[in-house]
**Student:** 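Before we start, here is the structure in question, set down as structure tokens.
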Amino acid sequence: MEGPMTRLARNNRASEAPSPIPPPSLSLLSAALARGADGEMLERLIGFHERSQAHEARKAFEKALSTAKAKIPVITKNRQALLGRQPYRHEDLAEIARTITPILARNGLSYRFRSQSTGALVTVVCVISHRDGYSEENCLSASPDESCEKNSIQAIGSTLTYLQRMTLKAALGLAASDDDDGQAAGASAAISRQQARELIDLIDEVGADKDALLQFFQIKGITDLPTARFRQALTMLNSRRTN
């Protein structure tokens, strides 16, 4: 016969490990199956269940990303380079990875890259994924970096590394605050009125988001764009023609 202490211990174990409660959409599907629902009704319920799962996965992704971003510290700028004659410091991809990877992992997040080279453009897609299945992508394109007498392979490799760094920072919301590339470029002369008009016309032609472009280059207006970054802006806008 079961005594009071035995019942209490059993009840405590039950409260510590409750049975998982199925989501409402799955409960509805099970009930419909038990009642012999027709194919149309089952299809609608399955669609509802899938949408419900996708919604929950997105909520989990956004919560995890928000938590992770709040814990990511200022990334150490461990590299020095020259933009023309202007020196600047920036963090390389390895330093970014060393800083963010453990924080992302603790929150069920990971990242990966896809890349391709088409014609005169190198394109990199950064994919941020959550363990529940939801993911988001950030894409940038640019021409191969042919500065400093690089050969064709080195030019593509240099651009790939740069785009991986920038798409990862942008995907995590770090691009605007931590991008020393933009600060260094801002020290150079601004583009001419003719170049500004060319960019404005191109923005209208490809339907680009002007405010997003200004934010990316950390400028208040198109006429403030540094000459050193004019070609990059053209490349980014022209890449939208194929999207």
Side-chain angles (χ1 to χ4, degrees), residues 65 68-69 72 75-84 86 88-101 104 109-129 135-186 188 199 202-203 206-219 225-243:
L65 185 60
K69 286 169 63 174
I72 295 176
I75 301 173
T76 302
K77 296 176 175 64
N78 62 329
R79 297 290 183 183
Q80 183 165 323
L82 290 175
L83 183 63
Q86 177 69 32
Y88 69 97
R89 294 186 64 81
H90 68 90
E91 64 288 339
D92 62 14
L93 185 60
E95 183 64 20
I96 296 174
R98 185 193 67 79
T99 304
I100 70 172
T101 299
L104 295 179
L109 296 164
S110 61
Y111 66 89
R112 65 184 187 278
F113 299 104
R114 298 198 309 267
S115 61
Q116 65 177 14
S117 179
T118 306
L121 286 178
V122 176
T123 300
V124 166
V125 179
C126 177
V127 183
I128 305 292
S129 302
S135 64
E136 289 188 354
E137 299 183 355
N138 189 281
C139 175
L140 282 177
S141 299
S143 302
D145 177 15
E146 298 174 350
S147 63
C148 302
E149 300 182 352
K150 296 182 179 72
N151 62 40
S152 59
I153 300 300
Q154 290 171 330
I156 292 174
S158 177
T159 298
L160 277 174
T161 301
Y162 175 79
L163 291 177
Q164 287 175 345
R165 184 163 60 92
M166 297 305 294
T167 53
L168 180 56
K169 290 172 66 178
L172 296 175
L174 305 176
S177 60
D178 293 335
D179 182 12
D180 242 22
D181 294 321
Q183 296 172 13
S188 64
L199 288 178
L202 189 55
I203 288 171
V206 302
D209 186 336
K210 179 181 175 182
D211 290 337
L213 190 72
L214 297 179
Q215 183 178 0
F216 179 82
F217 288 107
Q218 299 183 50
I219 54 178
L225 182 73
T227 301
R229 306 198 77 177
F230 175 67
R231 183 179 177 185
Q232 182 185 4
L234 281 179
T235 298
M236 290 173 62
L237 291 172
N238 279 316
S239 69
R240 293 181 59 88
R241 297 180 187 275
T242 59
N243 292 344

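What you see is a predicted model; the values in this text were computed from it and never measured. Counting begins at 1 with the first residue of the sequence.
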**Student:** For a 4.5 angstrom cut-off between non-hydrogen side-chain atoms, does I128 reach L168?
**Tutor:**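 They are in contact (side-chain heavy atoms under 4.5 Å apart), so the answer is yes.
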**Student:** Identify which one of L172, I100, T167, V127 satisfies the side chain to side chain contact (heavy atoms under 4.5 Å, CB included) criterion when paired with Y111.
**Tutor:**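 Only one option passes, and that is I100.
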**Student:** Quick one: side-chain hydrogen bond (donor to acceptor under 3.5 Å, both in side chains) partners of S141, sequence neighbours excluded?
**Tutor:**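 Partners of S141 by the side-chain hydrogen bond (donor to acceptor under 3.5 Å, both in side chains) criterion, ordered by chain and then number, come out as T123.
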**Student:** Can you tell me how far the CG atom of L140 sits from the OG atom of S115, to the nearest 0.5 Å?
**Tutor:** 13.0 Å
**Student:** Nearest 0.5 Å, please: how far is CD in Q164 from OG1 in T159?
**Tutor:**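 The CD atom of Q164 is 11.0 Å from OG1 of T159, to the nearest 0.5 Å.
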**Student:** Going from CG on D92 to OG1 on T161, what distance comes out if it is rounded to the nearest 0.5 angstrom?
**Tutor:** 9.5 Å
**Student:** So do the side chains of F230 and L199 get within less than 4.5 Å of each other, counting heavy atoms only?
**Tutor:** yes
**Student:** Can you see which heavy atom on I96 is nearest to which on E91, and at what distance?
**Tutor:** CG1-CG, 3.5 Å
**Student:** Enter the distance from L104:CG to K69:NZ here, rounded to the nearest 0.5 Å.
**Tutor:** 11.0 Å
**Student:** Locate the shortest heavy-atom distance separating D209 from D211; write the atom from each residue and the value.
**Tutor:**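 Closest approach of D209 to D211: OD1-N, 3.1 Å.
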**Student:** Donor-acceptor pair, distance only, cut-off 3.5 Å: does the side chain of T99 make one with the backbone of E95?
**Tutor:** yes
**Student:** Checking S143 now: which residues fulfil side-chain hydrogen bond (donor to acceptor under 3.5 Å, both in side chains) with it, not counting sequence neighbours?
**Tutor:** T235
**Student:** So which atom in P144 and which in A120 form the shortest heavy-atom distance, rounded to 0.1 Å?
**Tutor:** CD-O, 3.3 Å
